[in-house]
There are 2 protein chains.
Amino acid sequence: MDSSELKRAGLKATLPRLKILEFLETSKVRHMSAEDVYKALLESGEEVGLATVYRVLTQFEAAGLVVRHHFEGGQSVFELEQGKHHDHILCVRCGRVDEFVDETIEERQKKIAKEKGYAMTDHSLYIYGVCGDCQKNG
Amino acid sequence: MDSSELKRAGLKATLPRLKILEFLETSKVRHMSAEDVYKALLESGEEVGLATVYRVLTQFEAAGLVVRHHFEGGQSVFELEQGKHHDHILCVRCGRVDEFVDETIEERQKKIAKEKGYAMTDHSLYIYGVCGDCQKNG
DNA sequence: AATAAGAATGAGAACTCTTCTCATTTTCGT
DNA sequence: ACGAAAATGAGAAGAGTTCTCATTCTTATT
């Protein structure tokens, strides 16, 4: 396990943090709730408390290692930071998540914020729909 | 009090529903949580249970009288339906909420959904920032 | 490598928002 | 006005998340 990423983020290289980071980096699923991370670690035999998972994910978010999303459904979803901003389109049927970037939308948002007199700090855009597979399968 | 709106929406004209609807229609604040509605009714001497407020707002949403938003911060916020779709820009400092419509963004969203193979059902766009007043005052 | 000080962890309590349960009350067609 | 069906209110319960605090781990220093 490599602790340099944590150190670079200003976090001590503790075992739980290393395990969580490693899991996020090796998982094929990119968007996970705290509970998802907790369960996955348990199943792979790692002993990490749920409170720690929440704490660590929040720290990772503050450190910019991870991005937190508020998809519909109430619980936070975390995603490894990949450097490039993107928005999400999700399937309301199966929960699938796809990503996209649209420069035109980005520009319009900046324009709107300026027009309304806001200093824009952030934005979130979610498109909901039924994905191709779910349209076929009923 | 006018019960025709409720009847039109397929809901019995009960006292709690009338009071809640009237409150939503006369309030100057347009975006309110269930708790906000509950407290406001209490203060004006109306006896309505919190569970009923939640239930009724959810029914109003299903009936299309009201739109539910998931602003950051965990709790649902409700807004009287005004016929015309719009998105929101909110101040992270004072909580102020402004509305906007941008046809270009709407179009791009449809295009993206189509490209990704989704049958779009809905979308949510929130811009966060610091409003003009808050920029001046610190 | 041992130590000591401070930070992090884990278990469960606690908290917030929301929904559920069910006995009681209200609505509305007749 | 009556009665069946629906709605309400109070509190319990549930989901997700944060907090508390005693114990354990990390790391800088010997």
Side-chain angles (χ1 to χ4, degrees), chain A residues 1-23 31-42 44-63 65-78 95, chain B residues 1-23 31-42 44-63 65-78 95:
Chain A
M1 280 190 270
D2 178 23
S3 60
S4 56
E5 281 183 86
L6 289 176
K7 299 225 175 97
R8 214 177 306 129
L11 296 168
K12 275 193 189 168
T14 65
L15 232 43
R17 296 212 264 241
L18 284 167
K19 286 174 187 167
I20 292 170
L21 182 57
E22 186 191 27
F23 173 68
H31 302 85
M32 277 171 295
S33 68
E35 193 87 28
D36 291 339
V37 173
Y38 173 66
K39 283 186 186 154
L41 288 176
L42 274 196
S44 55
E46 305 289 3
E47 290 291 322
V48 180
L50 180 57
T52 300
V53 173
Y54 273 104
R55 222 172 357 217
V56 168
L57 287 173
T58 300
Q59 292 161 343
F60 282 7
E61 182 192 14
L65 290 175
V66 134
V67 179
R68 182 196 301 253
H69 300 291
H70 302 276
F71 296 161
E72 289 203 356
Q75 87 219 56
S76 293
V77 169
F78 299 86
Chain B
M1 278 191 273
D2 179 24
S3 60
S4 57
E5 279 182 86
L6 290 176
K7 298 223 177 96
R8 214 178 306 130
L11 295 168
K12 275 193 190 171
T14 65
L15 231 43
R17 296 212 263 240
L18 283 167
K19 287 174 187 166
I20 292 170
L21 182 57
E22 186 191 28
F23 173 68
H31 302 85
M32 279 171 296
S33 67
E35 193 88 29
D36 292 339
V37 174
Y38 173 67
K39 282 184 186 156
L41 289 176
L42 272 196
S44 55
E46 307 287 4
E47 291 291 322
V48 180
L50 180 56
T52 301
V53 173
Y54 273 104
R55 220 171 0 213
V56 168
L57 286 174
T58 301
Q59 292 162 343
F60 281 8
E61 183 193 13
L65 290 174
V66 135
V67 179
R68 181 195 302 251
H69 299 292
H70 303 276
F71 296 159
E72 289 203 355
Q75 87 217 55
S76 292
V77 170
F78 299 86

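None of the values given here were measured: they were computed from a predicted structure. Throughout, a chain's letter reflects where its sequence line sits, starting with A, and its residues are numbered from 1.
Using a 4.0 Å heavy-atom distance criterion, B/Ala13 is classed as a sugar-phosphate-only contact.
Every salt bridge (charged side-chain N to carboxylate O under 4.0 Å, His left out) that A/Glu46 has, sequence neighbours left out, goes to A/Lys19. Under the rule for a side-chain hydrogen bond (donor to acceptor under 3.5 Å, both in side chains), the partners of B/Gln75 that lie at least two apart in sequence or sit in another chain are B/Ser33.
The shortest distance between the side-chain N/O atoms of B/Tyr54 and the OP1/OP2 oxygens of C/dT19 is not below 4.0 Å. For the pair B/Ser76 and C/dT18, the criterion of a side-chain N or O lying under 4.0 Å from OP1 or OP2 is met.
Between A/Leu41 and A/Phe23 the shortest heavy-atom distance is CD2-CB, 4.0 Å. When all heavy atoms of B/Leu65 and B/Leu6 are compared, the pair lying nearest together is CD1-CD2, 4.3 Å.
Using five terminal pairs a side, the axes of the helix from C/dA1-D/dT30 to C/dT30-D/dA1 at its two ends make an angle of 30°, given in steps of 10 degrees.
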For residues 8-17 of chain B, run the donor-acceptor check on the side chains, cut-off 3.5 Å, and write out each pair with its distance to 0.1 Å, sequence neighbours left out.
| from | atom 1 | to | atom 2 | distance (Å) |
| --- | --- | --- | --- | --- |
| B/Thr14 | OG1 | B/Arg17 | N | 3.4 |
| B/Arg17 | NE | B/Lys12 | O | 3.0 |
| B/Arg17 | NH1 | B/Gln59 | OE1 | 2.9 |
| B/Arg17 | NH2 | B/Lys12 | O | 3.4 |

Sequence neighbours excluded and cut-off under 3.5 Å, please list the side-chain donor-acceptor pairs for residues 67-74 of chain A, or say none.
| from | atom 1 | to | atom 2 | distance (Å) |
| --- | --- | --- | --- | --- |
| A/Arg68 | NE | A/Glu61 | OE1 | 3.0 |
| A/Arg68 | NH1 | A/Ser76 | OG | 3.3 |
| A/Arg68 | NH2 | A/Thr58 | OG1 | 3.2 |
| A/Arg68 | NH2 | A/Glu61 | OE1 | 3.1 |
| A/His69 | NE2 | A/Glu79 | OE1 | 2.7 |

Every protein N/O lying under 3.5 Å from an N/O of nucleotides 5-8 of chain C:
| from | atom 1 | to | atom 2 | distance (Å) |
| --- | --- | --- | --- | --- |
| C/dA7 | O4' | A/Lys12 | NZ | 3.1 |
| C/dA8 | OP1 | A/Arg17 | NH2 | 3.0 |

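With a heavy-atom cut-off of 4.0 Å to chain B, the contacted part of DNA chain D has its first and last nucleotide at D/dA6 to D/dG11.
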